[in-house]
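The next block holds one structure in the form of structure tokens; read it before the comments.
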Amino acid sequence: MLEAAWLICAFPLAGFAVLLALGRRLGEPRAGWVATLAMAGSFVSSVAVFFSLMGRDPAERRFVVTLFEWVPAGDFSVDAGLLVDPLSVTMALFVTGVGALIHLYAIGYMHGDGDFSKFFVYLNLFAFSMLVLVLGDSLALTFLGWEGVGVCSYLLISFWFTDEANATAGKKAFITNRVGDWGFMLAMFWAFGALGSVRYLDLFGQAGSLSSTTATAIVILLFLGAAGKSAQLPLYIWLPDAMAGPTPVSALIHAATMVTAGVYLMVRVNPLIAAADAWAPGVIAWVGVATALFAAGAAMAQNDIKKVLAYSTISQLGYMMLAVGTGAYVAAIFHMVTHAFFKALLFLGSGSVIHALDGDQDMRRYGALRAAMPVTAVTFIVGWLAIAGVPPFAGFWSKDEILAYAWDSSPALWLVGIVTAVLTAFYMSRLVFMTFYGEARHGTDAHPHEPSRLMTAPLVVLAGAAVVAGGLNLPFTKDLHFMGAWLEPSLFGNEAHLSLGGGAQWLLALVSMAGAAIGIAGAVAVYLQHRLPASRVELPAAARAFYVDEAWTRFVGGPGRRAFEGVAAFDANVVDGAVDGVGRSVRAGGAWARRVQTGFVRSYALLTAAGAVALLLWFLARTSF
Amino acid sequence: MAEAVFVVSAVIILVGAVGVVASRNPVHAALFLVQTLVGVAVLFVLNDAHFLAAVQVVVYAGAIVILFLFVIMLLGVDKAEELRIEPIFGQRPLAAVVGAALVAVLGTVVITGADVLTGLRRAGGDRALDGDATDIERMGRVLFSEFAFAVEITAALLTVAVVGAVILTRRTSRSDGSTSAETTVRET
Amino acid sequence: MDLAGLSTGWYLALAVALFAIGGLGLLVRRNPLVMFMCVELMLNAVNVAFVALGAGLNDVGGQVAVFFVLVVAATEVVIGLALVVAINRRRSGATADDVSLLKG
């Protein structure tokens with residue numbers, strides 16, 4: 001059954017091919033169903049692979065399915081193979097599972113769109129790229145998927161490209177990601193230079209033989225790539241703008257799956273991190289926690305419902321990076337999974353709201369939608385409690401585990417993390433209160449309504465998952481640490497071990513529960529009871545995301561632009577000049593040489609005779625008498 | 001005796017060759033060509049290549065030169081050519097230089113190489129010239145054993161040449177009375 | 001090389017002279033028919049060399065080569081004359097220099 005792992009990738013690819021060829025003819029809604037069925041098939045394959053992997057001895061739960069020789073070039077050969085191990089299968093499971101639900105939702109959401117089938121072409125291509133990224137057995141193949149999801153992200157953000165802002169947002173996402181990709185590529189080259197291979201199994205086997213400087217450099221460069229893809233400081237700037245895409249895209253790509261690719265990559269290369277200098281994981285942890293705090297702060301003052309969720313995603317990704325940096329790989333993946341559930345849920349819920357209010361995304365014109373949209377409201381509230389860290393919802397368990405490891409690593413990290421948790425509870429409560437409670441502020445011509453079953457069904461499923469996903473990895477006893485045990489073969493014993501006692505863990509958990517309570521209580525005071533005007537909380541600086549975007553604009557528009565222009569001038573004059581010069585000289589030489597071609601047979605005969613003489617002279621000169 | 005024959009034929013050959021090049025009238029050139037060809041045939045006899053000598057006279061002097069004369073008469077191009085004019089600038093001096101260089105280089109080759117070559121006499125065998133067989137027998141044996149494939153290709157070459165000549169000179173029945181050959185020329 | 005033995009060298013020298021005269025004729029004459037005759041001269045020069053060398057080396061291969069050269073010469077004349085006929089139909093009395101459309 002493990003050999004059939006290629007089916008996981010093959011289903012979305014087949015869906016993509018079918019839709020590419022027949023999408024328009026299939027039309028709405030059949031094109032959507034084809035795409036959804038492809039994802040469902042992929043999910044079923046993932047489940048099958050998961051169970052056959054479960055049936056194996058834990059030590060043998062690593063399997064490479066070589067598909068074909070991809071890049072044969074002398075000593076350098078990259079096979080296209082799939083690395084099937086607990087980590088990649090976990091990723092594949094939730095990518096395909098959440099993906100299938102979001103595909104289903106999108107059938108309802110994209111109803112009536114002129115490019116209905118094209119949307120699903122892109123979605124399936126994205127799913128295929130994401131699965132290649134996850135299952136690839138080498139950095140090169142992962143990079144292929146990495147670029148693939150980048151392209152799909154670009155295409156989907158600017159899906160409604162007739163609006164200038166959407167097209168610009170797509171370009172911004174693509175170009176910002178290129179900065180990170182540069183780091184990824186350098187890391188890949190460096191790894192090949194040092195080890196002669198980019199296959200994961202070779203990297204893992206020989207990570208110990210690397211000098212710590214090399215390992216550190218590779219890790220930091222990979223982290224640059226991860227920071228681009230997973231929207232960490234300072235490369236996060238594309239993600240809030242990426243909300244220009246249709247909401248299912250935001251849910252699938254910019255919350256649940258693609259943006260977690262960076263975290264996945266860092267977890268994947270954990271042997272390299274183990275071989276690196278100690279400060280490298282420290283950098284990762286601090287960047288992560290800083291991103292978490294920063295984005296949570298920015299989320300407090302956003303009025304666009306999707307922007308709030310976007311900053312929230314950045315913040316949660318920061319948590320995951322914090323976990324990676326503190327060696328809590330299991331916690332990172334755990335949080336990634338729970339986050340995929342509740343954030344996809346929140347995005348889809350916000351999509352339902354936007355759908356109900358005819359595309360209005362401004363929360364200031366929402367309010368009291370609970371009565372009109374009960375299913376959306378209830379599921380959304382589940383997602384809210386999950387992300388705010390209220391037990392027993394999924395988010396509490398995963399976030400608490402990360403914070404426990406952070407405390408273990410450095411109390412300062414924990415402190416920033418817990419402040420972030422308070423802010424998270426606050427801004428998510430604010431979002432819920434502004435949307436579903438209070439008085440209705442939308443115009444009288446808007447008639448909010450519950451969307452079709454097609455859209456509410458995924459919400460219910462995801463809400464269920466957001467409630468129970470915490471059970472994947474309960475902290476109480478070692479036996480309940482299902483995910484930790486499951487991922488063990490992928491971590492090579494690099495997972496950090498919690499030195500905290502049970503009592504201390506309880507205490508930390510209580511503190512984070514108190515933090516969540518404080519955050520929610522604060523939001524209640526401001527947005528439900530109005531004891532404090534909202535303008536006191538919503539700082540203008542936070543609304544502008546602390547001017548990071550402006551700083552980037554100023555930098556890129558000023559010295560950056562001059563540098564680019566210099567490079568462009570170099571390219572136009574020196575590089576193109578060389579190429580054009582070759583062409584021009586050949587032309588000039590040809591113009592001169594064409595005069596030899598007189599058209600007179602006798603001239604040609606003369607030249608032939610002269611050539612014969614020259615040849616004979618050459619033979620004579622070579623001959624020794 | 002052989003030396004005398006060689007010298008006489010050499011003179012005949014060279015005079016004929018110069019005649020071909022220098023005759024203003026192409027009919028005269030063709031006749032000078034016959035002179036040269038017959039001289040060469042004599043040299044073949046001198047080298048015991050009797051069959052080739054016969055072929056030289058029959059095919060070359062007979063068929064080919066007759067063909068030349070036939071075309072000259074057919075086209076009516078037997079008027080004299082003005083040899084003092086040279087339309088292509090520098091053609092004659094350069095031709096003289098190249099010709100002289102050719103003579104010089106080939107002469108060097110002959111002077112330095114002839115003695116080497118004559119030292120490589122083959123001893124006996126099917127292809128040896130000093131056996132009992134006549135030269136026709138020898139050639140036949142070699143042509144249809146060692147060179148059988150080349151002979152077949154030669155047959156194909158002759159066939160292609162005949163077909164090519166027919167196509168080149170064929171008149172197609174067009175309304176404007178032009179031929180395919182004319183069309184070809186016009187298109188170039 | 002001595003004349004008395006009538007060595008191969010004399011034949012070769014004659015061949016060189018014949019070849020050069022033919023080549024020179026090809027370069028200076030404009031009448032395509034005469035140019036073809038000059039080509040025949042050059043081919044004959046080669047034939048003389050072949051036969052003489054064959055005799056010198058006691059090998060019938062030289063004569064065989066001449067046989068093939070004869071065949072090639074015959075085909076060449078056939079095609080060449082057909083071309084001359086074709087060109088002359090288009091332009092009566094055309095010389096080799098008149099057909100110079102194929103220039104750079």
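Order of the sequence lines sets the chain letters (A, B, ...), proteins ahead of strands, with each chain counted from 1. This is a predicted model, so every value here is computed, not measured. Note: hydrogens, waters and symmetry copies are ignored here, and every other heavy atom, side chains too, is used.
Aromatic ring orientation, C:Phe36 versus B:Phe68: tilted (interplanar angle from 30° to 60°).
Of all heavy-atom pairs spanning B:Ala161 and C:Val78, the tightest one is O-CG1, 3.9 Å. Contact between B:Ala49 and C:Val51 at its shortest, heavy atoms only, is CB-CG1, 4.3 Å. Listed here is the closest heavy atom pair of C:Val28 and B:Ala95: CG1-CB, 4.3 Å. Residue C:Leu43 comes nearest to C:Ala73 through the heavy atom pair CD1-CB, 3.7 Å, listed as atom of the first residue, atom of the second, then distance.
Residue B:Arg92 places its CZ atom among more than 12 non-hydrogen atoms of other residues, nucleotides or ligands, all under 6.0 Å distant.
Of the two parts of B:Tyr60, only the side chain, counted from C-beta on, holds a non-hydrogen atom closer than 4.5 Å to a non-hydrogen atom of chain C. For chain B, no part of C:Arg91 is nearby; none of its heavy atoms comes within less than 4.5 Å. Contacts of B:Val59 with chain C are absent, with no heavy-atom separation under 4.5 Å from either backbone or side chain. Heavy atoms of B:Leu33 lying under 4.5 Å from chain C belong exclusively to its side chain. The contact between B:Gln91 and chain C is made entirely by side chain atoms (from C-beta outward), counting heavy-atom distances below 4.5 Å. For chain C, the nearby part of B:Leu52 is the side chain; its heavy atoms alone come within less than 4.5 Å. For chain C, the nearby parts of B:Leu67 are the backbone and the side chain; heavy atoms of each come within less than 4.5 Å. For chain B, no part of C:Leu26 is nearby; none of its heavy atoms comes within less than 4.5 Å. Within the 4.5 angstrom heavy-atom criterion, atoms from both the backbone and the side chain of B:Ala30 approach chain C. Contacts of B:Ala63 with chain C are absent, with no heavy-atom separation under 4.5 Å from either backbone or side chain. If you measure heavy-atom distances from B:Val166 to chain C, you find no contacts under 4.5 Å at all.
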The test is side chain to side chain donor-acceptor pair (under 3.5 Å); show your working for B:Asn47 and C:Gln63 and say whether it passes. CA-CA 10 Å; B:Asn47 277 300; C:Gln63 297 184 17; over 6 Å; no
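Ranked by non-hydrogen atom pairs under 4.5 Å with chain B, the options C:Leu14, C:Val72, C:Val84, C:Val34 are led by C:Leu14. With respect to chain B, the highest number of heavy-atom pairs below 4.5 Å among C:Met35, C:Glu40, C:Glu76 belongs to C:Glu40. Top candidate by heavy-atom pairs under 4.5 Å with chain C, chosen from B:Glu86, B:Arg138, B:Met139, is B:Met139. Among B:Ser23, B:Gly107, B:Gly16, the residue making the largest number of heavy-atom pairs under 4.5 Å with chain C is B:Ser23.
A ring-centre distance under 6.0 Å is not found for C:Phe67 and B:Phe147.
Between C:Leu53 and C:Asp59, the closest side-chain pair of non-hydrogen atoms is not below 4.5 Å. The shortest distance between side-chain heavy atoms of B:Leu168 and C:Val85 does not fall below 4.5 Å.
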